Amino acid sequence: AQSVTQPDIHITVSEGASLELRCNYSYGATPYLFWYVQSPGQGLQLLLKYFSGDTLVQGIKGFEAEFKRSQSSFNLRKPSVHWSDAAEYFCAVGRYKLSFGAGTTVTVRA
Amino acid sequence: GAGVSQSPRYKVAKRGQDVALRCDPISGHVSLFWYQQALGQGPEFLTYFQNEAQLDKSGLPSDRFFAERPEGSVSTLKIQRTQQEDSAVYLCASSLAGGDTQYFGPGTRLTVL
């Protein structure tokens, strides 16, 4: 069975500081991995995805993620956070049927 | 350059009423998905269409939930005899093909009183 664990429910970070969100997955084959962001009252916006190839993936808004098969992880990073990055972040795994984690809420303080 | 659209955006129903939620996918997208997102949770898969064929409905929580996509474009998720536990945001997504990136609509927030 496929599943995703996001260990951090809530993270608070200062504007300009770095951010790392953790994601661990369980999947029987080579995983398709995704990070989505959701602002209040909005749908999910794709930040980046990993299907195969280079394990360091670049996304929109300055985000990147690294696929580590040995650790079953796909952590999301951003070097310098902006106030507009405050949102909920979801990691997902799957081919057509996506399984999502419970999400990590990011708060940005001035 | 329209994305996935959903209507209505908000729906309030009395317990026992039937509701219908609509999804317009991105033009040309073959695959369409429905997810249910309870408050404070991640989305959970409900069902998947490829064109008009419903290939997977394993996530539908009960036989009160029914989805269709008769012409391979617009889809409707119907919930009969709504219950309070059906209160959630219902998200629709579409993709070019089954294993491609899914693009999500804004969702319909259903509140059952």
Side-chain angles (χ1 to χ4, degrees), chain A residues 1-10 21-53 57-60 65 74 76 87-106, chain B residues 2-10 21 23-26 29-51 53-60 67 88-111:
Chain A
Q2 61 188 52
S3 65
V4 169
T5 301
Q6 293 181 246
D8 304 304
I9 296 173
H10 191 190
L21 304 182
R22 294 183 291 165
C23 171
N24 293 98
Y25 68 90
S26 173
Y27 194 78
T30 300
Y32 284 14
L33 292 157
F34 307 84
W35 275 100
Y36 285 89
V37 61
Q38 187 175 40
S39 297
Q42 303 297 312
L44 298 167
Q45 181 183 19
L46 179 71
L47 287 176
L48 47 79
K49 62 188 178 187
Y50 172 79
F51 286 1
S52 65
V57 180
Q58 301 298 320
I60 63 170
F74 189 56
L76 181 72
E88 186 147 25
Y89 292 78
F90 293 96
C91 181
V93 67
R95 293 293 178 99
Y96 69 91
K97 179 177 178 178
L98 297 184
S99 294
F100 286 82
T104 298
T105 300
V106 173
Chain B
V4 177
S5 61
Q6 293 185 245
S7 61
R9 290 293 312 278
Y10 303 91
L21 312 180
C23 173
D24 285 82
I26 295 171
H29 278 196
V30 168
S31 299
L32 185 144
F33 310 81
W34 284 99
Y35 292 82
Q36 180 190 58
Q37 186 176 20
L39 189 63
Q41 301 297 316
E44 293 195 357
F45 172 84
L46 294 177
T47 187
Y48 157 53
F49 289 86
Q50 185 166 304
N51 295 306
Q54 189 174 21
L55 298 186
D56 188 335
K57 55 181 180 179
S58 62
L60 296 177
V89 175
Y90 291 85
L91 295 167
C92 176
S94 70
S95 69
L96 277 172
D100 288 336
T101 301
Q102 295 181 28
Y103 296 91
F104 284 80
T108 294
R109 180 177 296 279
L110 173 65
T111 302

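This is a predicted model, so every value here is computed, not measured. Order of the sequence lines fixes the chain letters, A, B, ..., with proteins taken first and strands second; residue numbering starts at 1 for each chain.
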Worksheet item: Measuring heavy-atom distances to chain A, does Glu44(B) have an atom under 4.5 Å in its side chain, in its backbone, in both, or in neither?
Response: neither
Worksheet, complete the sentence: Looking only at Val4(A), Ile9(A), Leu44(A), Leu46(A), the option with the highest number of non-hydrogen pairs under 4.5 Å against chain B is Leu44(A)
Worksheet item: For the atom pair OH (Tyr36(A)) and CG (Leu91(B)), what is the distance rounded to the nearest 0.5 Å?
Response: 10.5 Å
Worksheet entry | Atom group of Arg109(B) that falls short of 4.5 Å from chain A, counting heavy atoms | neither
Practice prompt. Sort out for me which of Gln45(A), Gln42(A), Arg95(A) touches chain B most, counting heavy-atom pairs under 4.5 Å.
Written response: Arg95(A)
Worksheet entry | Heavy-atom check, side chain of Pro43(B) versus side chain of Phe90(A), under 4.5 Å | yes
Worksheet item: Quick one: are Thr101(B) and Phe51(A) in side-chain contact, heavy atoms under 4.5 Å?
Response: yes
Practice prompt. Identify which one of Tyr48(B), Phe45(B), Tyr35(B) satisfies the side chain to side chain contact (heavy atoms under 4.5 Å, CB included) criterion when paired with Leu98(A).
Written response: Tyr35(B)
Item to complete: May I ask you to check whether over 12 heavy atoms, not counting those of Lys57(B), lie within 6.0 Å of atom NZ?
Response: no
Fill in: Over 12 foreign heavy atoms within 6.0 Å of CG, Leu39(B)
no
Worksheet item: Where on Gln38(A) is there a heavy atom nearer than 4.5 Å to chain B: the side chain, the backbone, both, or neither?
Response: side chain
Item to complete: Working to the nearest 0.5 Å, report the span between OH of Tyr96(A) and CG of Asp56(B).
Response: 4.0 Å
Item to complete: Please state whether the side chain, the backbone, both or neither of Ser58(B) comes within less than 4.5 Å of a heavy atom of chain A.
Response: side chain
Worksheet item: For Lys49(A), is it the side chain, the backbone, both, or neither that has a heavy atom closer than 4.5 Å to a heavy atom of chain B?
Response: side chain
